[in-house]
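Accompanying notes for the structure given below.
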Amino acid sequence: MATSLPDKLRTTVRFLGRVLGDVIRAEDGEAVFSQIEEIRQASVAFHFHREGTPKAAKLMAERLEGLSLPDTVRFAHSFACFLQITNIAEDQIQRQRGRGGDSRPDTLAGALRTLKSEGVSREAVIELLQHALIAPVITAHPSEVRRKSVLDRVGAIADDLDAYDHAKTEAERAAIERELMRQVAIFWRTRLLRSVKLGVGDEIENAVSYFERSFLPELPRLYAHWLEVLGEPKDLTSFLRVGSWVGGDRDGNPFVTADVMRQAVRRQSQAALRGYLEAIHALGAELSMSASLAAVTPELQALADAAHDASPHRADEPYRQALTGIYARLAAAYARLTGEPPPRPPAAQAEPYDSPDALKADLETVLASLLAKHGPTFAHGPLPDLIRAVDTFGFHLARLDMRQNSSVHARTVAELLKVAGVCPDYEALDEAARRALLIAELGHGRLLYSPFAAYSEETVREYGVLSAAAEVKRLYGKDSIRAYIVSNTTSVSDLLEVYLLLKEVGLFAPGDPPRAQVFAEPLFETIADLRAAPKTLKAYLALPLIRKLVEPIGLQEVMIGYSDSNKDGSYLTSTWELYETSRALAHVVRDEGLRLQLFHGRGGAVGRGGGSSFEAILAQPGGTVNGRIRITEQGEVVANKYADPELARQSLETLTAGVVLASFRGEADSVVTEPHAKAMDALSQGSMAAYRALVHDTPGFVDYFYGATPISEIADLNIGSRPTSRQASRSIAGLRAIPWVFSWSQSRALLPGWYGFGSAVEGAGVPMETLAELYATWPFFSSALANMEMVLAKGDMAIAGRYAGLVEDRALADSIFGQIKAEWDRTNAALLRITGQTALLDKNPDLAAAIRSRLPYIDPLNHLQIELIRRRRRGDDDEAVKEGIHLTINGIAAGLRNTG
């Protein structure tokens, strides 16, 4: 009989917990171990028998309240470590499940089977993929509280655990367990908190570590596997790419400068080219065929002759000679692009490659000779994998997006126009006048910027970044930067301003037709902006200038933001508005004879678009995917998905399977009927009204939020280079969505992921039978409710009520928490009735078990966090108090897993 996931998880957690316990006992003594273990056992007993064990609850509270400050800090550290151990156990089970291979439905093979049963051929899938683009985009948005050193130790422990599971003898297991003990001992003594704030340079290194560890080696292997799954098509476009915002996203981050952008792309290039050089060197060692024993093609011989390899040892080895020349040219390119000598000096001198296409062509010459003279045995292996890597990553590794707020562009353009004598006050113009002026300026070649004029610091900085982008394009190739995301897009002029700025550095060229090397792309974020998006995009695409610009590429990308729309109008309203906006944008673009490419600005938390990527993609409106999608990956979700190569491969395959399935389930499969839309409109209106009544219209709500969550303490964490607020003032509107969601997660209210739904169901007048039918038949609705259910399962109103006790104004605290608790009860009741369950996650026992296994470790950390915050806010400036608070934040975030 197969072991259930909850049993597997319990067994693995107990095993790793025993190892950690042995380490604590050995390193800190029996007394410390016993103290921690007593609280752990009391918490477990309280959690799994909550109603029947008041003694356990009392014992846990007594033990926690009796801790000295040093013991509190040590305890917070230990439980944060326990939660990391739980994560490792969960990931190991995920690896094991993933090794089920192509039997899973969320693989490309699984998608092919599903589509075949629906009448879609393999050839149709191949045709789709030939024109597809699937791109996870790594961002530096801060919610990852773990240090890279901690992630490295977690990876080492995970590797040992995997080896232990594969051990065949008792002796092997004993040896691996000793190594596991050693790694856990290092982990136990590793500082969980960063001692200094992250800079953008640190964020660049973190992103590159994921590229090096997972994307560079795994993507070529994944393509090789897909070729087999698809029946070895003659060619398969490198449709799965990786993107990055790290070093290009300037919106609200003054530390992203021109030099930082250069640093980001240079470091990415270094990682990619080092990988290529190592692979070429290894191929040179391997391909030792002698000309006296094996013939080569004329093209390969010409490549060998061009290398001018003087080594007598390779005189009759044409493949090695050719690879020597390729290595030399790439080594020269490495020096040019990174400013450093290659890690291994070349055996000959050569001119550098000027593009990855030239490198790929030479490698294909080598492969063609091997295939022609030795047959298909060389169709798979390190050389085809290297060619795929070069095709996928180029010399830039990850395509870097630029992003800036539209208000910055407006100020910069206004100053350039004023200093050049074109317009004295651009920002005073109405939209029509702005548009006419910008189109006129984009119709000729005169530049506005003068090196002899004086400009504000902001304008100089913006011009410098644009100049750096032009330099990056020249050095690293056309694919190094393609998109310029315009945050807070509210009008057509917001996009035209970007082209005016690009023109200043040669990235936009006027003419008939005009040409752009970087394309302005709107980001619609708030509820109002989402509702206006179709009209804005229609007006933009109606401009002859823009039509001539986008027609050659045949598509328009639009980014939609999950975070601010949620903060603006509630989880349910945000989800529905994003869905409706996506449908409307698809119609606008289709009417213009173009294809839509949506860029989903999802975060890790449900309040920021989190949840299952696979289910989310399947729930997209028909006609909005069509093989092309980009999705941001942020915060701790990046590490959860991509720190481990095997999990990264599973994540990328799941993403691809979801896109393929969604692309063939067009309008006919996901028609939003009038009753569907009417019900959702009513629910959305009710949810937004309830949410805004609390968050935006309740007097004193800001004070409650700052008192009843650790928002102020989170601001002190060294987790990102970007400020937590857009303005210095204390307001919800000025607060960034990430700390807004993160704070509610820490207090276990998780309000952005559910508030308003209960009131909506009660007041919208939609029959319960209709909602139950929508849940059973409509992927959009079932996916939205599944994510909400997960949030509710992780929340705890009893704990949230204790955080409310931190608010100084008791009447305010009681009033607002009373509203939150009442809505929580309404939402739980509504969700259970719609889903037909008696308890949350009844229909998802695996997820229920995973969450339940964490709660005994999370709850005590909440208890300690509350007490430490109370001490801190009363004036206790002991550094140990601050450290304890930050350790509890670290542990709770690790336990909840999707908080950012």
Side-chain angles (χ1 to χ4, degrees), residues 1-23 40-41 43-45 47-49 79 81-107 110 153-170 172-177 179-181 183-184 187 611-612 614-615 636-637 639-641 643-651 653-654 786 789-790 793-794 839-858 894-898:
M1 182 177 175
T3 308
S4 69
L5 184 141
D7 288 341
K8 285 182 181 177
L9 180 60
R10 196 175 301 113
T11 300
T12 308
V13 169
R14 282 175 178 167
F15 171 67
L16 287 177
R18 176 180 62 76
V19 173
L20 178 57
D22 290 345
V23 167
R40 190 190 71 81
Q41 288 181 356
S43 183
V44 168
H47 247 290
F48 289 103
H49 311 281
F79 266 41
C81 288
F82 275 123
L83 285 162
Q84 297 282 5
I85 289 291
T86 304
N87 289 349
I88 294 169
E90 223 175 83
D91 289 345
Q92 177 62 10
I93 291 169
Q94 180 63 28
R95 278 191 211 89
Q96 292 169 352
R97 297 178 81 183
R99 288 167 188 163
D102 294 335
S103 62
R104 293 176 11 248
D106 59 347
T107 63
R153 289 310 95 223
V154 166
I157 293 168
D159 290 343
D160 285 343
L161 179 61
D162 195 44
Y164 185 88
D165 285 350
H166 282 88
K168 292 182 172 56
T169 67
E170 286 300 322
E172 281 184 85
R173 275 189 284 275
I176 294 168
E177 187 168 346
E179 173 58 19
L180 192 55
M181 284 277 292
Q183 289 294 345
V184 171
F187 172 59
S612 165
F614 183 71
E615 298 297 336
E636 82 280 1
V637 171
N640 294 342
K641 285 186 175 181
D644 177 85
E646 194 169 352
L647 294 178
R649 179 168 171 165
Q650 289 181 31
S651 297
E653 176 131 41
T654 296
E789 186 178 9
M790 177 184 67
K794 291 181 177 181
L840 293 173
L841 299 176
D842 266 357
K843 295 179 179 178
N844 194 344
D846 288 354
L847 179 58
I851 292 174
R852 196 163 51 244
S853 69
R854 299 163 176 280
L855 296 181
Y857 302 101
I858 300 174
L896 295 175
R897 295 213 88 172
N898 57 339

Exercise for review: Return the minimal non-hydrogen interatomic distance between Ala850 and Glu90, and the atom names on each side.
Suggested key: CB-OE2, 3.4 Å

Practice item. Please report the C-alpha distance between Arg97 and Asp846 in whole Å, then the side-chain angles of each, then the deciding distance to 0.1 Å, and finally whether the side chain to side chain contact (heavy atoms under 4.5 Å, CB included) criterion is met. Key: CA-CA 12 Å; Arg97 297 178 81 183; Asp846 288 354; 3.9 Å; yes

Exercise for review: Report yes if the side chains of Ile851 and Leu841 come closer than 4.5 Å at any heavy-atom pair, otherwise no.
Suggested key: yes

Practice item. Would you mind reporting whether Asn87 and Arg854 have side-chain heavy atoms less than 4.5 Å apart? Key: yes

Point to revise | Nearest atoms (heavy-atom pairs only) where Asp842 meets Pro845 | key: O-CD, 4.0 Å

Review point. In Å and rounded to the nearest 0.5 Å, what is the CE to CD1 distance from Met181 to Ile176?
Key: 15.0 Å

Exercise for review: Enter the distance from Lys794:NZ to Leu855:CG here, rounded to the nearest 0.5 Å.
Suggested key: 9.5 Å

Practice item. Identify which one of Gln650, Glu646, Arg99 satisfies the side-chain hydrogen bond (donor to acceptor under 3.5 Å, both in side chains) criterion when paired with Gln94. Key: Gln650

Revision key, fill the gap. Heavy atoms of Gly17 and Ile85 approach each other most closely as N-CG2, 4.1 Å

Exercise for review: With side chain to side chain contact (heavy atoms under 4.5 Å, CB included) as the test, would you mind laying out the steps for Leu647 and Asp91 before giving the verdict?
Suggested key: CA-CA 8 Å; Leu647 294 178; Asp91 289 345; 3.7 Å; yes

**Study point:** Over all atoms of both residues, closest heavy-atom pair of Ile93 and Lys8
**Key:** CD1-C, 3.6 Å

Check your understanding: Knowing that exactly one of Ile157, Leu16, Asp160, Ile88 qualifies, which makes a side chain to side chain contact (heavy atoms under 4.5 Å, CB included) with Val184?
Key -> Ile157

Exercise for review: Evaluate the side-chain proximity of Arg104 to Thr654: yes if any heavy-atom separation is below 4.5 Å, no if none is.
Suggested key: yes

Check your understanding: How far apart are the closest heavy atoms of Ala167 and Glu172, and which atoms are they?
Key -> CB-CB, 3.8 Å

Practice item. Please name all residues satisfying ring-ring contact (aromatic ring centres under 6.0 Å, His included) with Tyr164, sequence neighbours left out, ordered by chain then number. Key: Phe15

Point to revise | From CA spacing to verdict: side chain to side chain donor-acceptor pair (under 3.5 Å), Gln92, Arg95 | key: CA-CA 5 Å; Gln92 177 62 10; Arg95 278 191 211 89; 2.6 Å; yes

Study note, to complete from the structure: In short, Ala894 meets Leu83 closest at the heavy-atom pair CB-CB, 4.4 Å

Review point. From Cys81 SG over to Arg153 CZ, what is the distance, rounded to the nearest 0.5 angstrom?
Key: 13.0 Å

Check your understanding: What distance do Asp159 atom CG and Glu179 atom CD have between them, rounded to the nearest 0.5 Å?
Key -> 10.0 Å

